[in-house]
Each structure stands twice: as C-alpha cells, then as structure tokens.
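Quick caveat: nothing in here was measured; it's all calculated off a predicted structure. Each residue takes its place number in the sequence, starting with 1. Below, all heavy atoms of this structure are taken into account, side chains as well, without hydrogens, waters or symmetry copies.
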Amino acid sequence: MADLHAEKILILDFGSQYTQLIARRVRELHVYCEIHPCTMPLEKIRAFNARGIILSGSPSSVEAPGAPLVDREVFNLGVPVLGVCYGLQLMAKLLGGAIDRTAHREYGLAKLKVGNDASLLGPLRPFAGQEIDVWMSHGDKVSAAPEGFQTIASSGNSPFCAVADPTRRLYGIQFHPEVAHTPRGLELYRAFLEDCGVSFSFHMQGYAQEALAKIRAQVGAERVICAMSGGVDSAVVALLLHQAIGDKLLCIFVDNGLLRLGEREQVEATFKDRYHLPLRVVDARERFLTALAGVTDPERKRKIIGAEFIAVFEHEVARDRAEHGDARFLAQGTLYPDVIESVSFKGPSAVIKSHHNVGGLPERMRMSLVEPLRELFKDEVRALGRELGLPEAIVSRQPFPGPGLAIRVLGEITEERLGLVRRADAIVQDEIGKYPDEALRKRLWQAFAVLLPVRSVGVMGDERTYESACALRAVESLDGMTADWARLPWELLGRISSRITNEVRGINRVVYDVSSKPPATIEWE
C-alpha cells in the first residue's frame, strides 16, 4: 500500500487567522499537509521530511520586540519555501533584506502586476505578464529584497509584493492566495506544490484502506467503544471500525436531552436497523438537564456536558466490562480543525473555544483513543463517507455541535426553552430542505435557529404577547474555519419566520444573523 503521508507539506504557523485556510487549499489539491507552530525545533522540522514548507501570516510586526521567528536554517534545507505575508517579511529580514514599518497599511483588494519571465516566477508562473486580483492584509512591507532575490510581482503600494530566489526555490508573497478574495489563489498553490515535486495523490479511496489497516494494527483483537452522535463524523468512524473489527465494536449513543427533533429515533433506525452496528442507546436526559440547571455561561455548559458525557461513558464501559471484559479503546470523531483550535501550541495560535471531544479523556478510564479522522477536514470526511457507501442524507448532514442545543439556547437551559429552539430549528431544516434551488442548499454549511435570552412585545390575534426572540443563522463555508453569512432569499426567510411565529407558541420575533467568521463564530456560544 502506498504511503499517503510520504509527500508532506509543512505549514509553520505564526498566528494568522488564515493559517488553517492555507492547509485547506493544499488539501483541496490532494496533497497531505500539517500545521505546526513556528517554534517547532529545527531537528523536528528536518525529521518531518517535508517536500516543501509554507510560512504563514501573522498579526505581529516582524520588527516588533518578541515577534515570532523561525530558525534561519529552514531556508537551507533544500526544499521549496513559500512565505505568505508575514512569511515574506520574515524571510526578507532573516536573509538580509529590509522592512519598512512606516508603510501605508494595505487591507482589501489590490491589483498585482506579474513579471513576464516564467522561469523566475515559481508559484506565480501561471500569471506571467498578467494583472490579477489579490487580497492584502498587512501593515509592514519589504523595502529591499535579500541578496539573490528578484522582484517577480508588484502592487501599487508594494514594489516588492512578490520576490523569488529561483536557484534556492525560495519565494515570498505579500498577499493571501488562500482566501476566496484572491480568485486564482489555488492556481498559485498548485504551482508551488509542483515545484515541491508532489504527485497530488492524497485521495480518500487510499485513505480508507490506510485507516482500516491502522485501526486493526492499533487495536488488534481488543474491544472498542465508539462515541456515537448520529452526525457524519461519528457515522464514518463507526462504519470504519465495524469494517475493521466487526462485532468487537460497541457503539454508544447518549440521549442527553439536547438533541434535534427526532434525532434519537433516526440514529436507531439508520445505524442499528440498516447497518446492523452494535448500538446501545442510553437515556441520560434527566441527568444532563439536572446538571445544567441554572447555568448560563457557555464555557461552563461545555465543561459540564463534557464531564457528564465522560461519566455516562464510564458507567456504560463498566456495564460492558462486566459482560465482555475490558475494552481498552474509545473511538471518537475528532477532526483536524478540532485539534488545531483546541490544542494550544506553544507558538502564537490562539484557542478559540474548547471542544469537549479533544483531550478530555480522564486517565482513570484507562482507555486509549482511536481517532481515525484526526487528520481530516470536514469535507474530506464527507468524501470518505461516500467512499464507504454512506447514504447522502448522512454524508451531507449539517455539522451539529458536541454540546448540542445547549449552546443554541442562550442563557438558562430548561425543557421549555429546549422545546422552543428544537421546534424552530426543525422548521428551518424543513424549509431549506425543500427549497428548489439545489445550488443554494449545497453552498450552505449550516443553517439553524438560536433562542435568545430576551423577550419582546408582540401582537397575536389582537392580544399583546411578551415572548421569546429567535435568531436564524445560515452560513456558507468550505470547512467551518471561516464562513460568510448566507444571502438567503427574502421569500425563504419570510416563510421560515412566518412558520416559527405561527407554529412555535412562545416565540413572537425572528431576526437574521448577518455576521461572518471572523469576527464572529458560527455558533453563538
């Protein structure tokens, strides 16, 4: 079996909000890559054996005291290096160029004029002699290129907007090709990856076979317990495990009282009846809601839910142990964005929010984690699900947060408030699901209802009401790391609003969220 990880790209993170997007673009081109902090020691960089290295942007100024740096020897490893924005400035600084800190800041769209000599352009060679749109986000700029570098592109504000030392295969660009506002950015990354000599062969067909082999090698003849949620992530994990180890698997689905309308019944019908997975459904609704009573802080909600989830699992593991002996492994649907956002690197990347399924396993459970999706982005998981034969209804299901409706009920969680948001959300799903514009439905990453902790005055049937307000949230995204609010048609929004206020007694006002990520997050809590 070919090693899908043999051709790796290393992305060194200096704290940019776009670092994960760089990784996503590389993966879209079927090349395996990993993000590591810029503080990664040189010996580990060497041992990583990358085919190429990308230096990310950063919110820092390269000339500021304590600015994140990288070992200068990175540029002497004999592999192509691409510096993006801050990465360009850092490359210039470390190799003898000059930085202008008094430069006019440049944010937004700009025109890039690319040189004519394709032999010098490296990743810009698809644009030889052209003027292209790019997205800028920088304060400092390069005022003198290092010795051996040539200017290969310029903008109105940045005469050294792209530089290259083609002999050493070192390239620096001031703009961000990974964002959607640089329309031809993917072409640039493809050209850079071609210089790295990769074969563009990281596909889910091979990944599935590799994952099955790794699962068998990791667990052997041992028993595995899988945390089942009904979403695409845990569905793919469960199916992989079942194919790998058969009935040595036990899937546990916890009904925590925070599920969507009809979700428990759907999980049982799909995975127990259709796929015949060994599935145990645990009714823990009262336990979770009791623990969450009176809690309004979102991080406390997450921690309580995580703790209760583990406690339920400990109980179920003990039951399984009494029947079958020790289960040494617990399987989870952890994804790569979970790992990136939740694991605090020693570099500058910030933790956005905690994820209850990353690093939360207590030592007392004496179980090792099986996380076959830990290297994958969401759309790669969907592709893997299709490869495994999962139906499109499961593969295309919208992401649902681990804490469930607890973080879509802002403020105190009660049965009544959960019922309001559950019914409102079902209307959102129904209306969007039957909307005739298939292209619109495919563009949506998530669409859901949020119950706000406010009440407002309304009029229904000539009577004054004082009821809850509901927010609609719909976003378009490739991977959930960045997202833009969806421009839903007014008639669709109108139908959703009308149905919620008419069918969900207790909600008399509906508003629409028009914020993007960043600066907002997709979920409200």
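- Pairs of residues two or more places apart, or lying in two chains, never qualify as salt bridge (charged side-chain N to carboxylate O under 4.0 Å, His left out) while including a residue from residues 267-278.
- Under the rule for a side chain to side chain contact (heavy atoms under 4.5 Å, CB included), the partners of Ala520 that lie at least two apart in sequence or sit in another chain are Arg473, Ser515.
- Listed by chain and residue number, Leu472, Leu488, Trp490, Tyr512 satisfy the side chain to side chain contact (heavy atoms under 4.5 Å, CB included) test with Leu493 (two or more places apart in sequence, or in another chain).
- Below 30°, between 30° and 60°, or above 60°: for Phe202 and Tyr207 the angle between ring planes is above 60°, a perpendicular geometry.
- Each of Arg169, Arg51, Arg125 was scored for a side-chain hydrogen bond (donor to acceptor under 3.5 Å, both in side chains) with Asp195, with one residue passing: Arg125.
- The side chain to side chain contact (heavy atoms under 4.5 Å, CB included) search around Arg216 returns Leu212, Ala244, not counting sequence neighbours.
- Using a 30° and 60° split on the angle between ring planes, Phe14 and Tyr86 fall in the tilted class, from 30° to 60°.
- The environment of CD in Glu491 is crowded: more than 12 heavy-atom neighbours from other residues, nucleotides or ligands sit within 6.0 Å.
- Other residues, nucleotides and ligands contribute only 12 or fewer heavy atoms inside 6.0 Å of the NZ atom of Lys44.
- For the pair Arg260 and Phe400, the cation-pi test (distance below 6.0 Å, angle within 45°) is passed.
- Glu308 is linked by a salt bridge (Lys or Arg N to Asp or Glu O under 4.0 Å) to Arg287, counting only residues two or more places apart in sequence or in another chain.
- Scored by the side chain to side chain contact (heavy atoms under 4.5 Å, CB included) test, Asp437 finds Tyr435, Ala439, Leu440 as partners (sequence neighbours excluded).
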